[in-house]
Amino acid sequence: MLAWMNWTPSVAIFFAVIATILAIMTVYEIVSPCVERKGFLPISTTRGDRLFIGLLSAAYIHLTFLAVSDITLWIALAVSAVWLLVLLRWG
């Protein structure tokens, strides 16, 4: 069924982590509904909005690391994780 895709362990882990994050955020939203708030971002956002912005900016962080350096992507992952936590908390 999915033989047409190149499912390496890294790709499978990536999609599993994204699915887990979405499941956790869904349960969190059901248990504790959020309201829009304004942090350091120039718009009012919900938790889901900040998660989407964080995932999108993580992609850009990784692309930037690929474009400008030969440093391992583990560093980009660490930077992205810290940025996502900051964005979810204070964004």
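Note that these values count all heavy atoms, side chains included, but never hydrogens, waters or copies made by symmetry. Throughout, numbering of the chain's residues begins at 1 and tracks the sequence.
Grouping the Ile, Leu, Val, Met, Phe, Trp and Tyr side chains by contacts below 4.5 angstrom, directly or via other members, places Leu88 apart from Ile24. Linking ILVMFWY residues whenever their side-chain heavy atoms come closer than 4.5 Å, directly or via other members, places Trp90 and Ile53 in the same cluster. Hydrophobic clustering places Ile71 together with Trp83 (ILVMFWY residues linked when any side-chain heavy atoms are closer than 4.5 Å, directly or through intermediates). By the rule that hydrophobic residues join a cluster once side-chain heavy atoms approach within less than 4.5 Å of another member, Val79 and Leu66 end up as members of one cluster. Taking hydrophobic clusters as Ile, Leu, Val, Met, Phe, Trp and Tyr residues chained together by side-chain heavy-atom distances below 4.5 Å, Ile13 shares a cluster with Phe15.
Residues Leu41 and Asp49 have side chains not in contact (no heavy-atom distance under 4.5 Å, counting atoms from C-beta outward). In this structure the side chain of Ile18 reaches within 4.5 angstrom of the side chain of Leu55, judged on heavy atoms. For the pair Arg37/Ser44, no side-chain contact is recorded, criterion being any heavy-atom separation below 4.5 Å from C-beta on. When side chains are defined from C-beta on, Ser32 counts as touching Arg47, because their heavy atoms get closer than 4.5 Å.
Here the shortest heavy-atom pairing between Met25 and Gly48 reads CE-N, 4.4 Å. Taking each heavy atom of Ile61 and Ala76 in turn, the nearest pair found is CG2-O, 4.0 Å. The heavy-atom pair separating Gly54 from Leu84 by the smallest distance is CA-CD1, 3.6 Å.
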Assess whether side-chain contact (heavy atoms from CB on, under 4.5 Å) is satisfied between Leu51 and Leu87, documenting all intermediate values. CA-CA 8 Å; Leu51 176 65; Leu87 190 62; over 6 Å; no
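Here the options are Leu73, Leu77, Thr72, the test is side chain to side chain contact (heavy atoms under 4.5 Å, CB included), and the partner is Phe65; only Leu73 passes.
Not a single ring pair (Phe, Tyr, Trp, His ring centres under 6.0 Å) links Phe14 to another residue, sequence neighbours left out.
Here the CD atom belonging to Glu29 is positioned 12.5 Å from the CG atom belonging to Leu22, to the nearest 0.5 angstrom.
Other residues, nucleotides and ligands place no more than 12 heavy atoms under 6.0 Å from the OH atom of Tyr60.
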